[in-house]
Asker: 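Let me begin by handing over the structure; questions about it come next.
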Amino acid sequence: MKEHDFNPESLMMTYGYKPELSEGAIKCPIFQTSTFVFKTAEEGKAFFELAYGLREKSPKEELGLIYSRINNPNLEILENRLCLWDKADDCAVFESGMSAISTVLLEFLKPGDLLVYSNPLYGGTDHFIQHFLDKIGVHTIGVMPHHSIEEVKQMIEESGKSDKLAMVYLETPANPTNHIVDIEKYSELAAQYNTEDKKVLVAVDNTYMGPLWQHPLQCGADLVLYSATKYIGGHSDLIAGAVLGNAELMLRVKTLRTFLGNMVSPHTAWLMLRSLETLKIRMDQQTKNAQVVAEYLKNHPKVEKVYYLGLLKEGTTTYDAYKKQCSAPGAMVSFDIVGGEKEAFLFLNHLQLIKLAVSLGGTESLAEHPKTMTHAGVDETQQQEMSVTDKLIRLSIGVENEKDLLWDLEQALDKV
Ligand SMILES: *Cc1c(COP(=O)(O)O)cnc(C)c1O
């Protein structure tokens with residue numbers, strides 16, 4: 001038989017699941033169980049030897065099922081399917097995006113280390129870095145959108161801690177302004193600080209684009225992180241996270257997950273298996289709608305500026321990075337309304353189809369006001385530097401009919 005490389009979207013219904021192990025059920029059942037029965041005591045011993053790293057895996061050996069904090073078929077099948085999109089060796093799923101992010105930061109940073117991170121960051125990540133990592137003595141350098149890569153290098157050198165640089169953490173495109181960071185350039189920068197006994201890791205929060213439109217591991221990153229609550233879950237009905245990377249790094253992530261106990265539940269993993277079957281068509285439709293919405297807003301007299309990747313100007317460094325690392329502009333559209341908080345709130349309060357809520361990536365369109373909602377915790381001067389002002393509105397575009405979305409935007413803008 002001829003070998004054929006199926007595309008990920010063609011494999012989301014079947015990959016990694018063996019019906020014969022589940023009474024022939026076409027769909028993977030929910031393995032709502034805490035523990036698994038060993039056939040023999042010898043088998044139990046062999047499983048634990050692998051789980052606790054007491055010996056190397058033999059070539060074809062897989063870790064047997066032990067206990068649902070360590071492994072569970074719903075989690076394993078989900079992780080195998082997520083690996084296909086990012087072409088990763090391994091994946092770990094978590095009970096939230098924040099637990100995926102905090103587990104990675106805890107595993108790969110220790111007191112005295114230096115972390116470089118891009119701004120703006122998701123509010124929860126920002127809080128964890130500023131408040132928790134600071135408390136345990138991790139030094140940090142926050143990069144602003146206006147800093148060039150040369151300036152970042154200078155900041156690292158001037159910190160006097162360049163030998164302690166352990167990780168570069170990026171969020172791109174960044175929430176809420178779609179600011180793009182060049183993953184390849186930052187990977188090259190990080191590599192300049194590698195030593196014989198340490199590799200400076202590059203971790204990328206790919207929630208806005210992934211796993212479809214951007215593949216950070218292919219751009220030189222070591223770890224890719226997701227709030228799976230967003231596009232991967234896609235229906236605003238679950239909270240989850242994921243981390244992907246090479247086998248060596250993922251073994252460390254999974255080991256810490258085992259001991260923090262922050263893996264996703266079998267039921268949530270099962271919901272995500274269902275979500276993955278429609279991931280491609282959802283995200284395709286959402287991106288199509290977002291392009292129409294962005295074009296419409298761009299030409300509206302009550303809109304001052306639109307922050308959308310599809311509208312980036314050719315010849316800029318952000319455009320070049322976008323073209324290099326993203327294959328579509330995505331479905332997040334932010335814009336400055338003419339006026340300030342009053343006008344923004346009037347618009348938000350008059351939307352009929354689009355719901356006023358935080359979060360993103362679901363099938364329904366959502367609108368929010370970053371300055372007073374998702375980014376309310378960021379200090380005022382930093383908000384300004386990131387273009388998070390009174391007039392900024394963020395939209396997450398869903399799968400609705402585009403005509404209905406335009407109608408809703410038009411009537412709400414008319415009220416302003
Ligand atoms: C929502 C979000 C997170 C946090 O994920 P949770 O699932 O809410 O814990 C992290 N990063 C980005 C970019 C997000 O949008």
Side-chain angles (χ1 to χ4, degrees), residues 78 82 86 91-106 117-133 142 145 169-181 183 203-214 216 221 223-244 253 257 260-265 268-269 271-272 275 283 286 290 307 309 325-326 330-334 357-362 364-370 373-378 386 388 392 394-398:
L78 173 63
L82 281 171
D86 278 306
C91 168
V93 283
F94 288 85
E95 62 188 346
S96 69
M98 276 316 300
S99 59
I101 293 164
S102 54
T103 302
V104 162
L105 294 173
L106 284 173
Y117 66 95
S118 66
N119 275 301
L121 276 187
Y122 177 73
T125 313
D126 187 68
H127 185 96
F128 190 82
I129 290 174
Q130 310 271 352
H131 298 275
F132 187 80
L133 291 184
Y169 185 95
L170 307 173
E171 187 176 310
T172 183
N175 183 2
T177 53
N178 275 323
H179 177 68
I180 288 268
V181 178
I183 300 169
V204 180
D205 182 333
N206 196 32
T207 299
Y208 253 46
M209 280 283 144
L212 245 78
W213 311 129
Q214 178 174 272
L223 291 160
V224 51
L225 300 92
Y226 292 100
S227 168
T229 311
K230 314 296 166 53
Y231 290 100
I232 292 172
H235 296 73
S236 304
D237 57 3
L238 61 84
I239 301 276
V243 181
L244 298 99
V253 171
R257 183 185 67 172
L260 290 174
N262 54 358
M263 67 294 153
V264 84
S265 74
T268 302
L271 281 171
M272 279 195 276
S275 292
M283 289 187 78
Q286 286 170 276
Y307 304 82
L309 296 175
Q325 69 197 35
C326 308
M332 295 300 295
V333 183
S334 291
V358 300
S359 198
L360 59 102
E364 69 287 295
S365 294
L366 299 177
E368 67 115 2
H369 188 245
M373 297 171 192
T374 45
H375 294 68
V378 179
M386 304 169 189
V388 177
L392 184 72
R394 187 188 81 181
L395 302 174
S396 167
I397 301 300

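All ligand and atom numbering here is 1-based and tracks the order in the structure.
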Asker: Rounded to the nearest 0.5 Å, what separates atom CG in Asn206 from atom CH2 in Trp213?
Answerer: 12.5 Å
Asker: Set out, in order, the CA-CA distance, both residues' side-chain angles and the distance that settles side chain to side chain donor-acceptor pair (under 3.5 Å) for Tyr208 and Asn175, then state yes or no.
Answerer: CA-CA 8 Å; Tyr208 253 46; Asn175 183 2; 3.2 Å; yes
Asker: Does ligand 1 have a heavy atom under 4.0 Å from the side chain of Ser99, from its backbone, from both, or from neither?
Answerer: neither
Asker: Would you say ligand 1 has an N or O under 3.5 Å from any N or O of Met98?
Answerer: yes
Asker: Mark up the atoms of ligand 1 that fall under 4.0 Å of a heavy atom belonging to Ala240, in ascending order.
Answerer: 7 (O)
Asker: If we count only N and O atoms by modelled type, under 3.5 Å, do the side chains of Ser265 and Glu95 hold a donor and an acceptor together?
Answerer: no
Asker: Quick one: do the Glu171 and Thr125 side chains pair a donor with an acceptor below 3.5 Å?
Answerer: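 No, Thr125 and Glu171 have no side-chain donor paired with an acceptor closer than 3.5 Å.
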Asker: Would you check whether Gly97 has a nitrogen or oxygen atom less than 3.5 angstrom from a nitrogen or oxygen atom of ligand 1?
Answerer: yes
Asker: So, is Asp205 polar-close to ligand 1, with some N/O to N/O distance under 3.5 Å?
Answerer: yes
Asker: In terms of residue, atom name and distance, what is the protein heavy atom nearest to atom 1 (C) of ligand 1?
Answerer: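 Nearest protein contact, heavy atoms only, for atom 1 (C) of ligand 1 is Lys230 NZ, 1.4 Å.
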Asker: Consider only side-chain N and O atoms of Asn262 and Thr103, and report whether a donor and an acceptor are under 3.5 Å apart.
Answerer: yes
Asker: Which heavy atom of the protein is the closest neighbour of atom 8 (O) of ligand 1, given with residue, atom name and distance?
Answerer: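 For atom 8 (O) of ligand 1, the nearest protein heavy atom is Tyr122 OH, 3.9 Å.
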Asker: Heavy-atom contact under 4.0 Å between Ile101 and ligand 1?
Answerer: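 Yes, Ile101 has heavy atoms under 4.0 Å from ligand 1.
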Asker: What's the spacing between Tyr169 OH and Ile129 CD1 if we round to 0.5 Å?
Answerer: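 It comes to 6.5 Å.
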Asker: Check this for me - ligand 1, Ser227, N or O atoms closer than 3.5 angstrom, yes or no?
Answerer: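 N/O-N/O distance below 3.5 Å exists for this pair.
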Asker: Applying the side chain to side chain contact (heavy atoms under 4.5 Å, CB included) test to Pro216, which of Val224, Leu170, Leu225 qualifies?
Answerer: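 Going through the options one by one, the only one that passes is Val224.
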Asker: How close does the nearest protein non-hydrogen atom get to atom 7 (O) of ligand 1, and which residue and atom is it?
Answerer: Thr229 OG1, 2.6 Å
Asker: Between ligand 1 and Glu171, is the shortest N or O to N or O distance under 3.5 Å?
Answerer: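 No: no nitrogen or oxygen of Glu171 is under 3.5 Å from one in ligand 1.
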Asker: Any side-chain donor paired with an acceptor under 3.5 Å for Asp205 and Tyr117?
Answerer: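 No - no donor-acceptor pair under 3.5 Å links their side chains.
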